[in-house]
Protein chains: 2
Amino acid sequence: METTKKYGERADLALSMWVKLARAFSTFNRLTGKDIAGYGLTQPQFGVLEALGHLGPMKIGGFCEKTLASGGNITVVVDNLERDGLVERVREGDDRRTITVRLTKKGTDLFHDIFKKHAAFVSEISSVLTREEQRELSKLLKKLGTSLQKKM
Amino acid sequence: METTKKYGERADLALSMWVKLARAFSTFNRLTGKDIAGYGLTQPQFGVLEALGHLGPMKIGGFCEKTLASGGNITVVVDNLERDGLVERVREGDDRRTITVRLTKKGTDLFHDIFKKHAAFVSEISSVLTREEQRELSKLLKKLGTSLQKKM
DNA sequence: TCCATTTGTTTTAAATTTGAAATATATCAA
DNA sequence: TTGATATATTTCAAATTTAAAACAAATGGA
């Protein structure tokens with residue numbers, strides 16, 4: 001723990017928290033990334049499949065919010081998933097600008113198979129914290145994340 | 001909060017925590033990234049300057065650990081900082097394979113100038129949490145990060 | 001000494017990500 | 001209806017990131 005006051009007590013506390021947030025995320029992300037690569041998917045691809053599997057068909061724009069990936073990038077990710085026969089683009093509804101993406105049969109099967117294993121993996125590595133600690137961490141992260149969202 | 005048990009209680013809790021960790025990191029990272037861009041630096045460049053400013057001269061390999069950037073990438077970052085006259089590479093010590101990087105006068109001045117502002121910025125956005133919450137969050141993130149490190 | 005192995009850094013090519021146009025369609029007010 | 005503005009998606013070029021190969025130097029055992 002940093003004890004020297006370099007930038008004042010408040011700033012030191014905030015900087016220290018930010019470093020720990022970045023490190024915890026980075027390490028967790030690397031571990032899950034390896035797990036996902038083991039299924040032959042990239043992380044953004046997995047994110048799109050996950051959103052579709054859990055939330056149902058959605059418009060391209062929906063992925064930007066859900067997977068936190070930036071606009072033009074989703075196009076490529078969906079292109080590649082479509083090429084692999086996992087998702088399909090359909091025009092539906094009255095707004096012809098929007099495109100709905102949905103899982104194919106193959107995509108649905110893959111999702112169910114993979115995500116169960118992935119959930120077990122995430123659960124396993126998270127067990128370095130007790131369930132109570134996980135609940136407390138979730139609560140604080142949620143407050144931080146949603147509060148910051150308003151500053152964007 | 002997710003209340004439906006999709007993958008079992010433990011897995012749902014872990015997945016929920018992981019989503020919140022990713023979102024909080026992403027949002028925080030975007031905000032600090034904008035602040036850093038305002039100083040004319042990229043995030044990896046800022047990370048290298050920060051490491052040098054706080055920890056003193058270090059070898060290339062040191063940045064990989066400190067800034068969590070992957071190997072060959074640091075070379076480019078240091079190249080660009082050197083081009084801008086902010087850091088310099090020196091060979092010193094008895095191992096001629098290693099290269100020590102250190103701040104130039106210009107780099108030191110820039111570091112002191114911008115890091116104070118950056119610290120204030122991080123402190124400001126972190127104030128959405130009380131200091132007690134920040135301490136608690138730090139503690140849990142540290143435990144998570146260091147425990148996961150061992151699984152890599 | 002010599003050779004094999006290890007370590008530290010750079011180079012290279014491929015993949016990814018971003019942001020800024022470009023395109024197509026919608027909406028709304030005059 | 002027209003024109004201006006807004007929204008959804010794609011295209012494109014530039015920057016970034018990664019992993020693997022290449023290179024240089026150090027180490028340690030035969």
Side-chain angles (χ1 to χ4, degrees), chain A residues 22 25-27 29-34 36-38 40-49 51-52 57-84 87-102 152, chain B residues 22 25-27 29-34 36-38 40-49 51-52 57-84 87-102 152:
Chain A
F25 169 79
S26 173
T27 309
N29 194 45
R30 250 169 241 197
L31 286 169
T32 56
K34 278 186 199 168
I36 289 167
L41 295 172
T42 66
Q43 280 178 310
Q45 286 174 349
F46 185 80
V48 167
L49 286 187
L52 290 175
M58 64 171 65
K59 285 172 266 180
I60 295 275
F63 297 119
C64 299
E65 300 166 31
K66 288 299 171 190
T67 71
L68 304 168
S70 77
N73 193 22
I74 294 291
T75 297
V76 181
V77 175
V78 172
D79 282 350
N80 291 334
L81 288 172
E82 197 168 26
R83 178 201 60 204
D84 297 341
V87 306
E88 56 190 354
R89 286 176 163 92
V90 291
R91 284 194 187 278
E92 63 179 20
D94 44 2
D95 188 338
R96 303 231 329 271
R97 290 171 306 179
T98 67
I99 291 180
T100 298
V101 181
R102 66 181 182 207
M152 296 281 298
Chain B
F25 169 80
S26 173
T27 309
N29 194 43
R30 249 168 242 195
L31 286 168
T32 56
K34 277 186 200 168
I36 289 167
L41 295 172
T42 67
Q43 280 178 307
Q45 287 173 349
F46 185 81
V48 166
L49 286 187
L52 290 175
M58 64 171 64
K59 285 172 268 182
I60 294 276
F63 297 117
C64 299
E65 301 166 32
K66 288 297 171 190
T67 71
L68 305 169
S70 75
N73 193 22
I74 294 292
T75 297
V76 181
V77 176
V78 172
D79 282 350
N80 291 335
L81 287 172
E82 197 168 26
R83 179 201 59 203
D84 297 341
V87 306
E88 58 190 353
R89 285 176 165 91
V90 291
R91 285 194 186 276
E92 64 178 23
D94 43 2
D95 188 339
R96 303 229 332 268
R97 289 171 308 180
T98 67
I99 292 180
T100 299
V101 181
R102 67 180 182 209
M152 298 279 300

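Chain letters run A, B, ... following the sequence lines, proteins first, then strands; residues in each count from 1. Just so it is clear, the structure is predicted and the values come from calculations on it, not from any experiment.
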Trainee: Output yes when a side-chain donor or acceptor of A:Ser26 lies under 3.5 Å from a complementary backbone atom of A:Ala22, and no otherwise.
Mentor: no
Trainee: How long is the span from the CD1 atom in B:Ile74 to the OG atom in B:Ser70, to the nearest 0.5 Å?
Mentor: 8.0 Å
Trainee: Measuring from A:Leu31:CG to A:Ile36:CD1, what's the distance to the nearest 0.5 Å?
Mentor: 11.0 Å
Trainee: At under 4.0 Å between heavy atoms, what does B:Arg91 touch on the DNA or RNA strands: base, sugar-phosphate, or nothing?
Mentor: nothing
Trainee: So what does A:Arg30 touch, heavy atoms closer than 4.0 Å: a base, only the sugar-phosphate, or nothing?
Mentor: nothing
Trainee: Rounded at 0.5 Å granularity, tell me how far CD1 in A:Ile99 sits from CD in A:Glu92.
Mentor: 11.0 Å
Trainee: Can you name the side-chain hydrogen bond (donor to acceptor under 3.5 Å, both in side chains) partners of B:Arg96, sequence neighbours left out?
Mentor: none
Trainee: Going 5' to 3' along DNA chain C, between which two nucleotides do contacts with chain A fall, using a heavy-atom cut-off of 4.0 Å?
Mentor: C:dT16 to C:dA26
Trainee: Within the 4.5 Å heavy-atom criterion, are A:Phe63 and A:Val77 side-chain neighbours or not?
Mentor: no
Trainee: Give the first and the last nucleotide of DNA chain D, reading 5' to 3', that has any atom under 4.0 Å from a heavy atom of chain A.
Mentor: D:dA6 to D:dT11
Trainee: NA contact type, B:Gly61, heavy-atom cut-off 4.0 Å: base, sugar-phosphate, or nothing?
Mentor: sugar-phosphate
Trainee: Return the 5'-most residue of the pair A:Gln45, B:Asn73 with respect to DNA chain C, ranking by each residue's nearest nucleotide.
Mentor: B:Asn73
Trainee: Going by heavy atoms closer than 4.0 Å, what residues in residues 94-101 of chain B are next to DNA chain D?
Mentor: B:Asp94, B:Asp95, B:Arg96, B:Arg97
Trainee: Can you tell me how far OG1 of A:Thr100 sits from CE of A:Met58, rounded to the nearest 0.5 angstrom?
Mentor: 10.5 Å
Trainee: Mind checking what makes side-chain hydrogen bond (donor to acceptor under 3.5 Å, both in side chains) contact with B:Asn73, not counting sequence neighbours?
Mentor: none
Trainee: Applying side-chain contact (heavy atoms from CB on, under 4.5 Å), run through B:Asp95 and B:Lys59 and close with a yes or a no.
Mentor: CA-CA 11 Å; B:Asp95 188 339; B:Lys59 285 172 268 182; over 6 Å; no
Trainee: Quick check for you: to the nearest 0.5 Å, what is the distance between A:Asp79 atom CG and A:Arg89 atom CZ?
Mentor: 4.5 Å
Trainee: Considering heavy-atom distances to DNA chain D, does B:Gly72 or A:Asp79 have its closest nucleotide positioned more toward the 5' end?
Mentor: A:Asp79
Trainee: Show me the side-chain donor-acceptor pairs of residues 40-49 of chain B shorter than 3.5 Å, one per line, residues at least two apart or across chains.
Mentor:
| unit_1 | atom_1 | unit_2 | atom_2 | d |
| --- | --- | --- | --- | --- |
| B:Thr42 | OG1 | B:Gln45 | N | 3.3 |
| B:Gln43 | NE2 | B:Asn29 | O | 3.3 |
| B:Gln43 | NE2 | B:Asn29 | OD1 | 3.0 |
| B:Gln45 | OE1 | B:Thr42 | N | 3.1 |

